[in-house]
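Positions are given from 1 along the sequence.
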Amino acid sequence: MTAPLPIVPAPLVATARDGAPFRPRRVVADGAAHAAGARLARALGVPVGSDDDGTPDAVVLTLDTAAGPGYRLTVHTDRALLTAADPAGLQHGVATLTQLVDPATGAVGPAVVEDAPRFAWRGLSLDVARHFHDVATVTALLDVMADLKLNVLHLHLTDDQGWRLEIPSRPELTDRSGATAVGGDPGGFYTREDYATLQARAADRGIVVVPEIDLPGHVNAALHAYGELNPSGEPAPEYTGIDVGFSRLRADLPATAPFIRAVIADVAAMTTGGHLHIGGDEALEMPPAEYAELVRLAADAVRAAGKTVVGWQEVARAGLPPGTVVQYWDTRADADANADVVAGATRAGAGVLLSPAPRTYLDMKWDATAPLGLEWAGHIEVRDAYEWEPLELLNVAADSVLGVEAALWSETVRTPGDLFTLLLPRLAAFAEVAWSAPERRDWDGFAARLQAVAPRWTAAGLPWYRSPQIDW
Ligand code: TNX
């Protein structure tokens with residue numbers, strides 16, 4: 001048997017063919033195929049053009065609306081053809097082809113790959129509130145995500161420790177709370193232009209940004225910026241610790257509802273994607289009725305702006321309308337809204353996004369000796385991130401599961417190096433859970449393919465964790 005083609009996440013069908021290796025010298029892509037073609041050309045270090053003049057040694061990208069879901073890649077000795085029904089499919093084919101290129105020779109052996117994703121939503125949630133991560137770092141992350149065929153970047157933009165997105169109607173949010181972070185570390189925030197840049201770079205890689213404004217708890221940064229949101233009328237002190245659940249908005253203050261509406265309207269207006277996340281987690285100090293009132297107010301504002309509401313699983317208690325996306329993270333039986341409550345929400349028409357903390361919270365340490373990370377949801381080694389089945393988590397209809405999302409909370413994540421060390425290679429394991437059907441997944445095969453993919457991170461200058469579970 002020949003070694004499996006080194007593709008992560010595992011494709012549906014990939015077959016190596018006999019013949020001399022193909023050495024791409026240019027990319028042909030026009031119209032809506034251009035973004036994918038340009039990304040491929042950058043990765044290969046060759047030019048991209050729009051005319052297929054039939055000369056050899058080209059990779060030709062074609063959109064064909066009659067094609068099935070996914071993409072088809074055929075590598076011949078003197079030409080490669082990549083076809084998909086939509087630009088996203090082309091992006092996925094680009095990721096596969098770049099993984100197949102031998103970095104030493106720039107060539108790729110003849111092969112046929114037919115592939116399509118299992119889940120439509122393959123996300124990563126990044127907390128830029130506890131520690132800020134700038135546009136350059138997030139851009140490097142977008143490259144890693146696209147390579148693993150992840151397609152949603154959820155940005156956790158606000159929390160007790162900082163506010164990271166400029167809000168035109170409420171400038172004090174970033175003027176006062178942009179500068180703070182956990183441990184007194186430097187803060188930072190995205191201007192409107194930065195946010196537009198991030199969304200454009202994400203789109204160029206087939207990724208959509210979902211912004212999160214965390215309400216009605218996790219709001220100390222807002223309380224620090226605007227005194228009117230506090231019962232005393234005075235701004236709250238800044239907070240640089242890592243406790244959760246102590247801060248909250250107040251339904252009985254006149255400034256609260258206009259604040260929520262204005263912030264959400266501004267964020268929606270700046271956001272190109274279709275979803276807006278309203279948080280909703282861990283409002284531990286709040287009476288349930290007041291919690292539900294503020295969550296509904298935020299959800300109404302999101303819908304009024306034409307976006308789909310996403311919230312952490314606790315929002316399942318607020319009785320939101322069909323179409324809401326509920327993100328399941330806390331798998332403990334005594335969770336504030338546990339598995340039964342979330343399953344009930346799906347029967348009332350919610351979609352569910354699966355982020356079980358013991359499998360997907362990549363800010364958890366891989367073992368007790370890890371220099372970074374938290375431990376409240378246990379340790380997550382690469383194999384723990386890999387060997388789980390999303391559809392076994394909740395007692396819900398399979399078609400209510402929109403997909404899966406990993407998370408990187410940043411209490412301990414101070415530098416880009418910290419960020420990539422915690423994410424890699426566990427994010428690759430997660431990506432295979434997100435993309436590949438259960439019958440295509442097996443640990444030994446993954447470990448073998450991962451050995452070929454990891455050098456790409458090294459080549460990109462990214463640090464990663466050399467897990468002893470893999471024979472590097
Ligand atoms: C729980 S998950 C949180 C975050 C923390 C994280 C640390 C969730 C919705 N809330 O506020 O950062 O744990 O792992």
Side-chain angles (χ1 to χ4, degrees), residues 5-9 11-14 22-53 55 57-76 79-101 103 106-108 111-117 119-124 138-153 197-209 272-274 431 434-435 453 456 460:
L5 292 171
I7 304 168
V8 175
L12 274 178
V13 183
F22 164 60
R23 176 100 202 265
R25 295 188 192 279
R26 59 193 200 94
V27 173
V28 177
D30 66 1
H34 185 79
R39 184 159 78 88
L40 178 62
R42 267 200 312 278
L44 298 175
V46 302
V48 58
S50 53
D51 292 327
D52 181 12
D53 59 9
T55 55
D57 302 331
V59 183
V60 182
L61 276 58
T62 310
L63 281 168
D64 174 1
T65 45
Y71 66 92
R72 183 186 168 89
L73 171 67
T74 314
V75 182
H76 302 281
R79 212 166 161 75
L81 305 174
L82 172 58
T83 309
D86 54 29
L90 291 179
Q91 292 282 1
H92 301 142
V94 165
T96 293
L97 182 55
T98 29
Q99 287 183 349
L100 288 175
V101 171
V108 44
V112 178
V113 181
E114 278 175 70
D115 198 10
F119 291 113
W121 186 312
R122 301 177 303 280
L124 171 65
V138 177
T139 302
L141 177 59
L142 288 167
D143 281 334
V144 168
M145 289 176 65
D147 203 28
L148 296 172
K149 303 186 175 79
L150 299 175
N151 65 350
V152 179
L153 177 64
T197 299
L198 278 179
Q199 292 180 95
R201 289 184 184 173
D204 278 346
R205 293 159 177 79
I207 296 170
V208 64
V209 171
T272 53
W435 178 275
V453 171
R456 296 173 52 75

Does the side chain of Leu82 reach to within under 4.5 Å of the side chain of Thr96, using non-hydrogen atoms? no
Exercise: identify the closest heavy-atom pair between Ala67 and Ala85: O-CB, 3.6 Å
Evaluate side-chain contact (heavy atoms from CB on, under 4.5 Å) for Leu153 paired with Val138, printing each intermediate quantity in order. CA-CA 10 Å; Leu153 177 64; Val138 177; 3.7 Å; yes
Taking the side chain as every heavy atom from C-beta outward, state whether Leu100 and Leu73 have any atom pair closer than 4.5 Å. yes
Among all residues two or more places apart in sequence or in another chain, which pass the side-chain hydrogen bond (donor to acceptor under 3.5 Å, both in side chains) test with Asp115? Tyr71, Trp435
Rounded to the nearest 0.5 Å, what separation is found between the CD1 atom of Ile7 and the CD atom of Gln99? 7.0 Å
How far does CD1 of Ile207 sit from CG of Leu141, to the nearest 0.5 angstrom? 8.0 Å
With sequence neighbours excluded, what pairs up with Thr83 under the side-chain hydrogen bond (donor to acceptor under 3.5 Å, both in side chains) test? none
Closest heavy-atom pair and its distance - Gly206, Asn151: O-CB, 3.7 Å
Side chain to side chain contact (heavy atoms under 4.5 Å, CB included) with Ala140: which residues, sequence neighbours excluded? Phe420
For Val112 and Arg72 the tightest heavy-atom approach is CG1-NH2, 4.0 Å
Under the side chain to side chain contact (heavy atoms under 4.5 Å, CB included) rule, collect the residues that match up with Val60, sequence neighbours excluded. Val28, Asp52, Ala58, Thr62, Arg79, Leu81
Under 3.5 Å, which donor-acceptor pairs link side chains of residues 32-47 to any protein atom two or more places apart or in another chain?
unit_1 : atom_1 : unit_2 : atom_2 : d
Arg39  : NE     : Gln91  : OE1    : 2.7
Arg39  : NH2    : Gln91  : O      : 2.9
Arg39  : NH2    : Gln91  : OE1    : 3.0

Closest heavy-atom contact between Gly106 and Pro24? O-CD, 3.5 Å
Do you know the tightest heavy-atom contact between Val113 and Ala14? CG2-CB, 4.1 Å
Listing request: all salt bridge (Lys or Arg N to Asp or Glu O under 4.0 Å) pairs with a residue in residues 24-34, at least two apart in sequence or in separate chains. Arg25-Asp57, Arg26-Asp53
Under the side chain to side chain contact (heavy atoms under 4.5 Å, CB included) test, residues paired with Ala107 that sit two or more places apart: Pro21, Arg23, Thr105
For Leu97 versus Val108, what's the shortest heavy-atom pair and its separation? CD1-CG1, 4.2 Å
So how far is it from Leu63 CG to Leu90 CG, rounded to the nearest 0.5 Å? 4.5 Å
The criterion is side-chain hydrogen bond (donor to acceptor under 3.5 Å, both in side chains); which residues satisfy it with Gln199, sequence neighbours excluded? Thr272
Any pair counted as salt bridge (Lys or Arg N to Asp or Glu O under 4.0 Å), so long as it reaches residues 142-153, sequence neighbours left out: Asp143-Arg205, Asp147-Arg456
For Asp64, salt bridge (Lys or Arg N to Asp or Glu O under 4.0 Å) partners two or more places apart: none
